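Index from 1, following the sequence. The model shown is predicted, which means the values in this text are computed figures rather than measured ones.
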Amino acid sequence: MPELPEVETIRRELEPLLVGRRIDRVAVHRHDIVGFPDADVFVRMAAGHTVTRLARRGKYLILELDRERDLVIHLRLSGHLEVVGPNVTPRYERARFALSDGRALSFAEPRVLGKVYLVMRSHYPAVLAGMQGMGQEPTGAGFTPRYLADALRGRRASVKSLLLDQRICCGVGNIYSDEALFRAGIRPTRRAGRLSPVEVRRLARELRRVLDDGIRWCGTTMADARYVLPNGARGRFQERLRVFGREGRHCRRPGCSGTVRRVKIGNRGTRFCPVCQK
Ligand SMILES: [Zn+2]
């Protein structure tokens with residue numbers, strides 16, 4: 001699933017192609033791709049608006065439109081956004097936004113799990129309530145060691161499962177939580193409330209660093225290629241992963257003789273080096 005670095009990469013790639021363009025027509029090929037309002041209302045209401053800015057909140061991409069509307073897009077597992085010419089229809093296209101420059105923003109999603117929402121900026125509907133309860137952006141100024149310490153204090157859950165909690169670390173998913181814990185030298189099964197202040201500080205720092213690195217390398221494209229950039233290119237952070245997707249292989253830290261292990265935590269596959277992570 002695209003996480004913060006992948007959605008941020010998509011945001012940066014699409015922004016120059018969309019800002020200042022008006023959405024002239026909207027076509028929805030699968031009604032269940034529309035999360036709010038009803039699909040026929042969505043089609044009518046989204047047309048005629050101009051894109052003013054692209055924003056991101058956690059794993060949600062937000063096309064800010066004129067007249068206080070937001071077009072919110074959640075890619076889920078395999079959603080793909082692309083700006084295409086008028087005669088190009090990508091496979092699995094579910095919704096299409098024809099733009100004033102003759103091109104179109106196409107939203108393809110083989111599984112139809114992704115969603116688009118058209119909402120008033122001042123009032124997000126209950127169906128998007130998860131966005132209001134979201135925690136700090138881990139790459140933002142508000143994500144301080146103290147913030148993370150407060151969120152983990154007294155918690156009996158594993159540190160891995162709390163890193164995946166969008167109310168604490170929004171935008172973080174399975175890849176970057178495993179990588180941050182490796183870099184911080186913390187075993188993912190540890191009880192969150194038992195981390196020392198030094199470990200919490202290290203974790204806050206490494207989480208920010210690994211997400212920044214992920215953005216710098218345009219995200220992670222695994223072998224299934226569920227995530228690619230809007231122009232079809234692959235991300236390049238997968239070449240730099242230390243534990244994610246590397247179970248059974250040698251730890252990449254120089255001098256370490258450990259083998260990366262995989263366990264399940266809360267039904268999520270979790271990778272770590274038993275030598276480097278205490
Ligand atoms: Zn190791």
Just to verify, what does Ser106 make a side chain to side chain donor-acceptor pair (under 3.5 Å) with, not counting sequence neighbours?
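With sequence neighbours excluded, Ser106 shows a side chain to side chain donor-acceptor pair (under 3.5 Å) to Glu93, given in chain and number order.
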Not counting sequence neighbours, which residues clear side chain to side chain donor-acceptor pair (under 3.5 Å) with Glu64? List them please.
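By the side chain to side chain donor-acceptor pair (under 3.5 Å) rule, Glu64 matches Arg53.
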Without swapping roles, check the side chain of Arg103 against the backbone of Asp101 for a donor-acceptor pair under 3.5 Å.
no
Which pairs with one or both residues in residues 61-100 pass ring pair (Phe, Tyr, Trp, His ring centres under 6.0 Å), sequence neighbours excluded?
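The answer is Tyr60-His74.
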Output all residues satisfying salt bridge (charged side-chain N to carboxylate O under 4.0 Å, His left out) with [X], sequence neighbours left out; order by chain, then residue number.
{"X": "Arg246", "answer": "none"}
{"X": "Arg216", "answer": "Asp213"}
{"X": "Arg271", "answer": "Glu247"}

State which residue, out of Asn231, Val83, Leu105, Leu99, fulfils the side-chain contact (heavy atoms from CB on, under 4.5 Å) condition with Leu17.
Val83
Could you pull out all donor-acceptor pairs under 3.5 Å where a side-chain atom in residues 150-159 meets a protein atom, sequence neighbours excluded?
{"residue": "Asp150", "atom": "OD1", "partner": "Arg153", "partner atom": "NH1", "Å": "2.9"}
{"residue": "Asp150", "atom": "OD1", "partner": "Arg153", "partner atom": "NH2", "Å": "3.4"}
{"residue": "Ser158", "atom": "OG", "partner": "Ser161", "partner atom": "N", "Å": "3.2"}
{"residue": "Ser158", "atom": "OG", "partner": "Ser161", "partner atom": "OG", "Å": "3.0"}

Residue pairs passing the salt bridge (Lys or Arg N to Asp or Glu O under 4.0 Å) test where at least one lies in residues 163-182, sequence neighbours excluded
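For residues 163-182: Lys160-Asp178, Asp165-Arg167.
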Quick test of your reading: applying salt bridge (Lys or Arg N to Asp or Glu O under 4.0 Å), list the pairs with at least one residue in residues 121-146, sequence neighbours left out, ordered by first then second residue.
Arg56-Glu137, Arg57-Glu137, Glu68-Arg121, Asp70-Arg121
Tabulate below the donor-acceptor pairs under 3.5 Å that side-chain atoms of residues 37-49 make, not counting sequence neighbours, or state none.
{"residue": "His49", "atom": "ND1", "partner": "Asp66", "partner atom": "O", "Å": "3.3"}
{"residue": "His49", "atom": "ND1", "partner": "Asp66", "partner atom": "OD1", "Å": "2.9"}
{"residue": "His49", "atom": "NE2", "partner": "Met45", "partner atom": "O", "Å": "3.2"}

Ring pair (Phe, Tyr, Trp, His ring centres under 6.0 Å) with Tyr124: which residues, sequence neighbours excluded?
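For Tyr124 there are no ring pair (Phe, Tyr, Trp, His ring centres under 6.0 Å) partners, ignoring immediate neighbours.
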Quick one: list whatever passes ring pair (Phe, Tyr, Trp, His ring centres under 6.0 Å) with Phe36, sequence neighbours left out.
none
With a 4.5 Å cut-off on side-chain heavy atoms, are Val51 and Leu71 touching?
no
